[in-house]
There are 2 protein chains.
Amino acid sequence: MSSVPSPKGRPRDPRSHEAIVSAAIELLIEVGYAATSIGAVAARAGVGKDTVYRRWRGKPELVFEAVFTTTDQAPIPDTGTLAEDLTALLQGLIDEFHAPAAAAALPGLLADFTADPVLKSRIRSDFLAPSKERLLVVFQRAVARGEIAADTPVDLVLDTLAGAVFFHVGLVGQDPDRELAGRLAAVIAKGIEIR
Amino acid sequence: MSSVPSPKGRPRDPRSHEAIVSAAIELLIEVGYAATSIGAVAARAGVGKDTVYRRWRGKPELVFEAVFTTTDQAPIPDTGTLAEDLTALLQGLIDEFHAPAAAAALPGLLADFTADPVLKSRIRSDFLAPSKERLLVVFQRAVARGEIAADTPVDLVLDTLAGAVFFHVGLVGQDPDRELAGRLAAVIAKGIEIR
């Protein structure tokens with residue numbers, strides 16, 4: 001793991017990166033978003049605050065990466081129908097928003113993103129980009145099957161799906177029943193289908 | 001405006017209530033939600049902090065009342081069709097979430113509500129109750145016209161509408177185009193209609 005020092009300084013130790021991310025997740029679950037400060041994360045990870053700041057601009061950036069970028073490795077659903085594909089996408093969103101660290105982080109994280117002009121402009125690209133890519137593929141197949149029109153508004157549908165899950169699962173914190181993804185997908189699919 | 005002192009202490013001056021609410025709205029627009037503290041609001045209103053705390057349990061309760069309880073005086077739409085009624089309801093939500101003070105307050109307010117166990121249980125009743133009542137009336141008429149089934153899930157549809165507006169208007173802060181309410185209403189209406 002040790003490397004020859006370069007003129008730019010010590011190369012970053014990947015173990016620190018993992019320790020910091022794990023510490024952030026633990027603290028989010030233990031004490032919630034507000035109390036998960038950079039200082040608390042650094043202490044839990046056994047590193048200095050500067051070590052954290054060398055990798056992340058601030059708390060929202062760190063928490064976002066810790067909580068929301070380990071997903072979307074799952075294959076894009078291809079069930080043969082739009083409604084079933086949307087059901088699978090929605091179940092992914094529900095699982096993601098309902099995971100303990102994400103549930104603890106999401107409202108405060110959204111608040112910090114919107115309050116920072118630099119981050120606010122990145123909400124759509126940071127939070128929603130992976131889901132948008134997956135939805136685009138699902139839509140392309142649905143267009144090819146004649147289920148929806150080519151000009152179906154992707155951003156609006158994505159905001160509707162993400163917003164519905166955020167309100168229904170993320171805000172109230174109720175355990176989502178196993179029918180939620182299917183019911184919401186059925187409504188949206190029927191709402192945008194042209195056949 | 002002055003009253004005879006009672007054994008319980010000075011009766012509350014309604015001018016203080018209005019001054020505090022106005023001060024909160026001004027500060028939200030000027031400095032954002034995080035900086036709109038009870039102290040800053042009290043100073044702007046020309047009252048002591050105890051005067052504020054006598055009326056509101058804390059900052060989230062004050063901001064919520066200042067921003068979100070002056071609406072819903074408009075008559076419940078009765079256009080004759082579900083899609084048009086939903087369009088009117090959605091336009092109301094869009095106008096409400098997009099107003100300057102609300103736009104500044106909403107993400108941080110939701111974060112504070114979810115972080116406080118007392119308030120978290122009141123999210124659905126505080127934030128969404130007025131809209132839910134209006135949606136119920138709209139749904140009852142749609143059931144009577146045979147447009148939707150009597151067991152159409154009100155909470156899920158409401159969360160979907162509010163969530164869509166929150167993500168599409170409240171988070172990114174984009175000026176909503178004049179077609180948004182109609183497009184979203186059309187999708188949802190078509191999604192839940194049974195005829």
Side-chain angles (χ1 to χ4, degrees), chain A residues 31-35 83 97 103-117 119-125 127-128 148 152-153 155-174 176-177 179-180 183-194, chain B residues 31-35 83 97 103-117 119-125 127-128 148 152-153 155-174 176-177 179-180 183-194:
Chain A
V31 300
Y33 180 82
F97 285 12
L106 194 54
L109 189 59
L110 283 177
D112 280 357
F113 260 74
T114 51
D116 178 338
L119 293 178
K120 185 169 184 170
S121 61
R122 287 169 42 190
I123 287 177
R124 200 175 281 293
S125 56
F127 270 94
L128 298 175
I148 62 174
T152 304
D155 277 330
L156 181 57
V157 174
L158 181 59
D159 288 351
T160 302
L161 297 175
V165 177
F166 175 67
F167 260 70
H168 203 72
V169 174
L171 279 191
V172 184
Q174 223 174 351
D177 64 64
E179 314 296 330
L180 176 60
R183 287 188 297 151
L184 191 48
V187 170
I188 297 301
K190 185 162 171 296
I192 62 178
E193 278 169 4
I194 57 175
Chain B
V31 300
Y33 179 82
F97 285 12
L106 194 53
L109 190 59
L110 283 176
D112 281 354
F113 260 73
T114 51
D116 178 336
L119 293 178
K120 185 169 186 174
S121 61
R122 286 168 43 188
I123 288 178
R124 199 174 283 295
S125 54
F127 269 96
L128 298 176
I148 63 175
T152 305
D155 276 332
L156 181 57
V157 174
L158 182 59
D159 288 352
T160 302
L161 297 175
V165 176
F166 175 68
F167 259 71
H168 203 71
V169 174
L171 279 192
V172 184
Q174 222 174 352
D177 63 67
E179 315 297 329
L180 176 61
R183 287 188 297 150
L184 191 48
V187 170
I188 298 301
K190 184 161 172 296
I192 63 178
E193 278 170 1
I194 57 176

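A, B, ... follow the sequence lines: proteins, then strands. Residue 1 opens every chain.
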Q) Listed by chain and number, what are the salt bridge (charged side-chain N to carboxylate O under 4.0 Å, His left out) partners of B:D155, not counting sequence neighbours? A) B:R124, B:K132

Q) A:K190 side chain to B:K190 main-chain N or O, any donor-acceptor pair under 3.5 Å? A) yes

Q | Structural part of A:A115 lying under 4.5 Å from a heavy atom of chain B | A | neither

Q.
Counting only non-hydrogen atoms closer than 4.5 Å, does A:L128 touch chain B with its backbone (N, CA, C, O), its side chain (CB onward), both, or neither?
A. side chain

Q | Aromatic ring pairing A:F167/B:F166, orientation class (parallel under 30°, perpendicular over 60°, tilted between) | A | perpendicular

(Q) Tell me every residue that passes side chain to side chain contact (heavy atoms under 4.5 Å, CB included) with A:A189, counting only those two or more places apart in sequence or in another chain. (A) A:L82, A:A83, A:L86, A:E193

Q. Atom CD1 of B:I188 and atom OG1 of A:T160: how far apart are they, to the nearest 0.5 Å?
A. 6.0 Å

(Q) To check you understand the geometry: which heavy-atom pair defines the closest contact between A:L180 and B:L156, and what is its length? (A) CD1-CD1, 3.5 Å

Q: Indicate the atoms forming the closest heavy-atom contact of B:L110 with A:P107, along with that distance.
A: O-CB, 4.3 Å

Q: Specify which of A:V187, A:L161, A:L184 makes the most heavy-atom pairs with chain B at under 4.5 Å.
A: A:V187

Q: Against chain B, label A:L158 side chain, backbone, both or neither, depending on which of its atoms sit under 4.5 Å from a heavy atom there.
A: neither

